[in-house]
Amino acid sequence: MKFQIKINVNGKDYELLVEPNLSLLDVLREKLKLTGTKRGCEEGECGACTVIMDGKAVNSCLVLAVEADGKKITTIEGLEENGELHPLQKAFIDYHAFQCGFCTPGMIMTAKALLDENPHPTEEDIKRAIAGNICRCADYTNIIKAIMAASKSIKRI
Amino acid sequence: MWRKFEYVRPETVNEACKIHFEESSSAFLAGGTDLLIQMKRVSKVPKLLIDIKNIKELKQIAIENGRLKIGSLVTLREIEKSDIITQKFNLLSTAASNMGSVQIRNRGTVGGNICNASPGADMLPPLIALGAQVKITGLDGSKTLPLEDFFKGPGETVLNRGQILTEIIIPESRGKGAFLKYTVTSVQVAIMNIAVWADITEDGFCKDIRIAMGAAGPKPLRMKTTEELLKDRRITEELVRKAADVISNEIQPSTRERARVSPEYRRHLSKVLLIQAINSVIGGNR
């Protein structure tokens with residue numbers, strides 16, 4: 001049996017008919033064609049599927065689409081404003097904080113959720129926040145630097 | 001994507017219990033961080049998921065008549081961040097803060113952690129050490145029982161069909177607590193965890209103590225023999241060392257092939273954790 005759900009994604013309202021056995025990740029990628037959010041482990045361990053739902057970072061692979069009914073979702077595609085990249089996105093570029101880029105959307109969304117809650121994180125705060133986002137290309141040094149830099153540039157705005 | 005199932009979202013506890021009772025192949029869906037992963041196995045997919053997240057009365061954190069009441073739908077993140085809990089029951093927020101990742105904690109609930117009944121679940125030893133009771137509601141009313149009596153074995157609780165865990169009740173008390181979790185990486189299920197709550201006077205006399213361990217047996221264990229050794233005694237280094245020996249024999253480590261570490265290692269670990277936990281309590285953790 002299909003369910004009618006209403007979700008707001010990156011500021012836009014959608015009405016969709018979905019089966020209960022679809023995840024939010026499935027709906028974002030396959031139905032809304034927002035493929036920035038990645039499919040990694042699909043069991044809540046790697047964080048590649050991280051999106052922000054009602055202000056909180058969540059693994060979209062472990063949220064049923066029907067559970068997202070009535071909620072406000074932000075994906076990586078929703079960060080830029082009027083064609084300008086978000087300070088986090090700029091910082092990730094400036095600090096070479098990605099190689100293959102697969103972990104990056106999830107990593108940035110986790111960082112965004114962190115900075116929304118804690119605009120002046122310490123390095124320890126950042127490390128704790130990204131504990132659920134695995135990067136297999138490199139170590140996390142540049143990622144942490146980028147997030148720290150972004151937190152300072154957001155402060156200046 | 002999972003194998004197909006039906007989905008319903010009741011508005012009240014009573015409605016949820018009724019549906020659960022009437023459909024024998026149904027499961028309650030709270031945060032989903034355990035259930036939805038288990039359901040990746042086709043054999044574990046129930047016919048019907050009953051999403052209980054709309055039931056508002058299960059989301060409270062409040063202190064009433066000297067008792068802390070936590071609704072079963074309160075998320076681990078909410079426990080981690082709650083002012084009431086970090087100030088007066090720090091043991092719980094410490095335990096919650098070390099579970100999974102932020103993403104998991106934003107969805108996972110304390111009720112889910114209890115009902116999933118993993119022997120290594122992190123919320124269980126602190127709740128047991130704090131003397132927690134749980135309230136179970138079914139079609140024929142509610143009852144309350146000590147949390148340590150809630151578990152039958154790995155993944156098994158006393159809940160019957162049509163019953164929901166609604167609330168966790170913790171008495172306010174004097175005393176201090178400590179929670180320690182041993183893992184290799186930060187985002188990992190405990191290899192072993194321990195919670196100690198004790199009322200120890202300024203000059204080191206232990207008036208009361210409760211010790212609970214996870215991943216030390218088929219369910220979270222109250223270490224009563226070890227407690228007896230320490231209770232009504234002055235806490236000395238020698239006594240703590242004796243207690244460490246006792247606890248290493250009191251645990252019931254898994255001897256299965258699939259166990260992550262050997263029973264011998266668990267026995268060794270239990271000594272280390274006990275000594276560190278007691279030192280932490282004496283050192284003044286809340």
Side-chain angles (χ1 to χ4, degrees), chain A residues 1-3 5 18-27 29-30 39 41-71 106-107 109-114 117-118 124-134 140, chain B residues 1-10 26-42 44-54 73 75-78 80-81 94 96-109 112 116 181 183-189:
Chain A
M1 178 173 138
K2 292 202 185 204
F3 283 81
I5 63 169
V18 294
E19 294 272 4
N21 63 332
L22 284 186
S23 66
L24 174 60
L25 177 64
D26 292 329
V27 161
R29 288 184 58 86
E30 318 300 334
R39 222 182 265 288
C41 68
E42 287 199 88
E43 36 177 59
E45 301 265 347
C46 75
C49 69
T50 305
V51 298
I52 297 178
M53 187 165 83
D54 280 0
K56 304 184 190 107
V58 296
N59 295 123
S60 59
C61 68
L62 292 184
V63 176
L64 300 176
V66 288
E67 289 180 292
D69 185 20
K71 307 243 188 276
M107 194 70 77
M109 296 320 290
T110 294
K112 171 90 173 40
L114 167 69
E117 187 191 289
N118 178 2
E124 198 52 45
D125 292 334
I126 295 174
K127 286 180 182 175
R128 279 186 62 83
I130 65 171
N133 290 81
I134 299 180
Y140 298 83
Chain B
M1 194 137 202
W2 292 262
R3 181 209 230 179
K4 278 190 195 253
F5 53 83
E6 286 307 321
Y7 170 89
V8 71
R9 208 189 294 144
S26 67
F28 292 121
L29 174 65
T33 53
D34 281 323
L35 182 61
L36 294 178
I37 296 175
Q38 289 157 5
M39 279 167 56
K40 299 279 172 181
R41 281 204 152 121
V42 166
K44 299 282 188 183
V45 179
K47 263 206 203 124
L48 172 68
L49 283 195
I50 306 168
D51 185 346
I52 53 175
K53 291 191 287 294
N54 263 14
L73 282 182
T75 67
L76 302 170
R77 184 71 169 164
E78 283 163 349
E80 181 186 352
K81 294 280 169 190
T94 303
S97 71
N98 283 306
M99 294 176 72
S101 60
V102 173
Q103 293 94 316
I104 294 287
R105 298 198 289 280
N106 274 329
R107 296 290 287 172
T109 63
N116 188 53
K181 172 178 175 177
T183 57
V184 177
T185 67
S186 68
V187 215
Q188 200 179 45
V189 171

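So that the names make sense, note that chain A is the first sequence line, chain B the second, and so on, each numbered from 1. None of the values given here were measured: they were computed from a predicted structure.
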Given heavy-atom pairs under 4.5 angstrom as the criterion, report whether the side chain, backbone, both or neither of [X] touches chain B.
X        : answer
A:Glu117 : side chain
A:Glu19  : side chain
A:Thr50  : side chain

Taking the basic N atoms (NZ, or NE/NH1/NH2) and the acidic carboxylate oxygens, is any pair closer than 4.0 Å for B:Lys53 and A:Glu67?
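Looking at A:Glu67 together with B:Lys53, the answer is yes, because their closest N to O distance falls below 4.0 Å.
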Nearest 0.5 Å, what's the [atom1]-[atom2] distance between [X] and [Y]?
X        : Y       : atom1 : atom2 : answer
B:Ile104 : A:Glu45 : CD1   : CD    : 7.0 Å
A:Leu64  : B:Phe5  : CG    : CZ    : 4.5 Å
A:Leu62  : B:Met39 : CG    : CE    : 11.0 Å

Contacting moiety of [X], where chain A heavy atoms sit under 4.5 Å:
X       : answer
B:Lys4  : both
B:Leu49 : side chain
B:Arg77 : side chain

Min side-chain heavy-atom separation A:Lys56-B:Thr75 under 4.5 Å: no
So which of [options] has the largest heavy-atom pair count under 4.5 angstrom toward chain A?
options                              : value
B:Arg107, B:Arg105, B:Gln103, B:Arg3 : B:Gln103
B:Gly31, B:Gly100, B:Gly32, B:Ser97  : B:Ser97
B:Val102, B:Asp51, B:Ile37           : B:Ile37

Can you name the nearest heavy-atom pair linking [X] to [Y], along with the distance?
X        : Y        : answer
A:Arg128 : B:Glu80  : NH2-OE2, 3.8 Å
A:Phe3   : B:Tyr7   : CZ-O, 3.0 Å
A:Gly132 : B:Ser101 : CA-CB, 3.4 Å
A:Asn21  : B:Trp2   : ND2-O, 2.7 Å

Is it the case that over 12 heavy atoms from other parts of the model lie below 6.0 angstrom from the NZ atom of B:Lys47?
no
Exercise for the section: Count the heavy-atom pairs under 4.5 Å between each of A:Asn59, A:Thr110, A:Leu114, A:Asp26 and chain B, then report the option with the highest count. Expected result: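 Among the listed options, the one with the most contacts to chain B is A:Asn59.
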